[in-house]
Amino acid sequence: MMDGTAGLRGRRVADEALLDDVAALSKIDPGDMLRHTASGGSQVRESAALAAEANLSVLADEGRPRAVVVAGIGTAARTGEVLATVAGPRCPVPVISHRSAGVPGWVGAADVVIAVSASGRSPEALGAAEAAARRGARLVAVGAPDSRLQSVAEGARAPFIPVPRRAPARASLWALTVPVLLAARALGLVKVNEADLAETAARLDADADRCRPSAESFVNPAKSLALGLAGSVPIVWGSSPLATAAARRFGDTLSANARYPVVAGALGEAGRGRVGLLDGVFGGLAESSRDIFADSDSAAEPAGTRLRLVLLRDGGLNADDDTDEPLVVEERRADAVQTLAERRGVRCDVVTAEGGSSLERLASLIAVPDFASIYLALAHGLDPMAVPAISEMKELSNP
């Protein structure tokens, strides 16, 4: 165990046995990140109820907008990607995630701005809300109650959905996402009904049960995924736009919770160059020196960091006739990448989407990886909630 001068604690090599010691896990996770992550289902239900209490129907009074801008940073920005993914390619207007203060220069009275901030005080969300009010754009705000963001929304006479802050933003994805989806539904841009929300919440509950701390590694998919990733450079690719949104989310949580560097993105983009990583010094070249007759855990296996591929596969729902070919292409591409990894000896984990709606399928691709990022942190003795570098960066960058 290392204890650095900056308050860093942890171990370089993951402790596999620790993941099956519930008492030890609790001690390393004082902020209850496992419990917060397990609350995904209840977040969906609570946020849906809170959004129902807000007067979102006023959004429809002026008709369909020219564009929707979802403004925020970090997890808040990911809610815009979820909206675009769930709305799909047939969404009648563009949905844009905006990560800077203010809003794009073209935003005006014909547009809708959804400002999202778990704390209700991020400069990006506040700047966007204030700019939207000045320009006469329709505004919706989502964030902590009794916050600066709520004050701005009330000053603009705009709907505000108060989301209680019970966990860090990265563990509050569903609490922030559901109000964004329901605001878009009020605008007629996305088809998300109560059954979709209920099934998504039930899916998140079921995955939380499968990934609970008391479930041992050999039956716990999140612990198994975490141990497979331990000591590697993870590459996370999604086979479809929906799966890509989940892949980028996994990249976020692996970096923030487990402090692992990650390559994450779309499988289609990977085929334009990044698939070459499988041939590189952490991929095929490293694997070519491995003794194929040695046990995978043998000390005789050469030391060194290697790639670990995580493939998130969607497969789509019942496809319309104009989407059959793209789905077929995505499936073939995913099969091809799995074959390439196998040929080069690069280990590959596959998470396959399940569910009857786009939202539920997305949840099925996010839940287990979310838990895996936390278990990976805990296996290294890291507190997944406390990130000293974040605090230090704020101190160094503030005047």
Side-chain angles (χ1 to χ4, degrees), residues 40 68 70 75 77-97 173-174 177 180-181 184 189-192 196 199-200 203-204 207 221 225 234-254 262-275 277-278 308-342 348-370 372-373:
V68 173
V70 181
T75 301
R78 293 292 180 212
T79 66
E81 295 180 11
V82 172
L83 171 57
T85 297
V86 173
R90 292 188 174 185
C91 183
V93 306
V95 177
I96 298 162
S97 290
L173 174 67
W174 299 106
T177 294
V180 172
L181 292 174
L189 305 183
V190 66
K191 296 179 180 179
V192 175
D196 294 335
E199 290 164 2
T200 299
R203 171 75 57 180
L204 291 168
D207 282 337
L225 180 56
I235 299 181
V236 188
W237 285 329
S239 68
S240 70
L242 182 147
T244 298
R248 291 184 172 133
R249 162 68 178 180
F250 195 20
D252 290 345
T253 57
L254 278 174
V262 189
V263 177
L267 200 51
E269 296 171 354
R272 299 297 183 269
R274 286 191 174 184
V275 74
L277 290 168
L278 299 178
R308 183 82 177 207
L309 177 61
V310 179
L311 191 56
L312 304 185
R313 298 191 63 156
D314 180 13
L317 300 168
N318 295 325
D320 297 322
D321 53 5
D322 63 343
T323 60
D324 281 342
E325 184 58 27
L327 288 176
V328 170
V329 170
E330 289 166 4
E331 288 296 284
R332 288 176 178 168
R333 188 182 291 128
D335 289 338
V337 168
Q338 283 187 247
T339 300
L340 287 173
E342 181 180 352
C348 178
D349 296 285
V350 179
V351 181
T352 303
E354 300 177 354
S357 68
S358 294
L359 187 60
E360 184 184 357
R361 295 176 72 79
L362 181 64
S364 74
L365 291 176
I366 288 177
V368 171
D370 269 6
S373 70

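Contact detail for Glu330 and Pro241: the closest heavy-atom pair is OE2-CD, 3.8 Å. Closest approach of Leu365 and Thr352 over heavy atoms only: CD2-C, 3.8 Å. Closest heavy-atom contact between Asp196 and Ser357: OD1-CB, 3.5 Å. Between Gly251 and Ala264, the shortest heavy-atom contact is CA-CB, 4.3 Å. Ala363 and Asp207 make their closest contact through O-OD2, 4.5 Å (heavy atoms, listed as atom of the first residue, atom of the second, distance). Here the closest heavy-atom approach between residue Val95 and residue Gly80 is recorded as CG1-O, 3.9 Å.
Interatomic distance, Thr75 OG1 to Glu81 CD, rounded to the nearest 0.5 Å: 10.5 Å. Note that CZ of Arg333 and OG of Ser239 are 9.0 Å apart. Values are rounded to the nearest 0.5 Å. In this structure, CD1 on Ile366 lies 9.5 Å from CG on Leu312, to the nearest 0.5 angstrom. The CD atom of Glu360 lies 5.5 Å from the CD atom of Glu199; values are rounded to the nearest 0.5 Å. Interatomic distance, CH2 of Trp174 versus OG1 of Thr200, reported as 6.5 Å (0.5 Å rounding).
Looking at Val68 and Leu189, their side chains come closer than 4.5 Å, going by heavy atoms from C-beta outward. Taking the side chain as every heavy atom from C-beta outward, Pro369 and Val310 never approach each other to under 4.5 Å.
Just one residue in the list Ile235, Leu225, Asp349 forms a side-chain contact (heavy atoms from CB on, under 4.5 Å) with Arg308, and that residue is Asp349.
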Could you walk me through whether Val337 and Leu309 pass the side-chain contact (heavy atoms from CB on, under 4.5 Å) test, one step at a time?
CA-CA 10 Å; Val337 168; Leu309 177 61; 3.7 Å; yes
Ser358 vs Thr85, test: side-chain contact (heavy atoms from CB on, under 4.5 Å). Steps then yes/no.
CA-CA 8 Å; Ser358 294; Thr85 297; over 6 Å; no
Stepwise side-chain contact (heavy atoms from CB on, under 4.5 Å) test for Val82 and Leu362:
CA-CA 8 Å; Val82 172; Leu362 181 64; 3.6 Å; yes
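Evaluation of the side chain to side chain contact (heavy atoms under 4.5 Å, CB included) rule for Asp252 yields Arg78 as partners, not counting sequence neighbours. Residues meeting the side-chain hydrogen bond (donor to acceptor under 3.5 Å, both in side chains) test with Ser240, sequence neighbours left out: Asp314. Every residue two or more places apart in sequence or in another chain that forms a side chain to side chain contact (heavy atoms under 4.5 Å, CB included) with Thr253 is listed here: Arg249, Phe250, Asn257, Asp370, Ser373. Residues satisfying the side chain to side chain contact (heavy atoms under 4.5 Å, CB included) test with Ala77, not counting sequence neighbours, are Arg99. Taking the side chain to side chain contact (heavy atoms under 4.5 Å, CB included) definition, one finds that Leu311 meets it with Trp237, Leu267, Arg313, Ala334, Gln338, Cys348, Val350, sequence neighbours left out.
Counting only residues at least two apart or in different chains, side chain to side chain donor-acceptor pair (under 3.5 Å) contacts with residues 263-275 are absent.
Here the side chain of Ser364 pairs a donor or acceptor atom with the backbone of Arg361 at under 3.5 angstrom.
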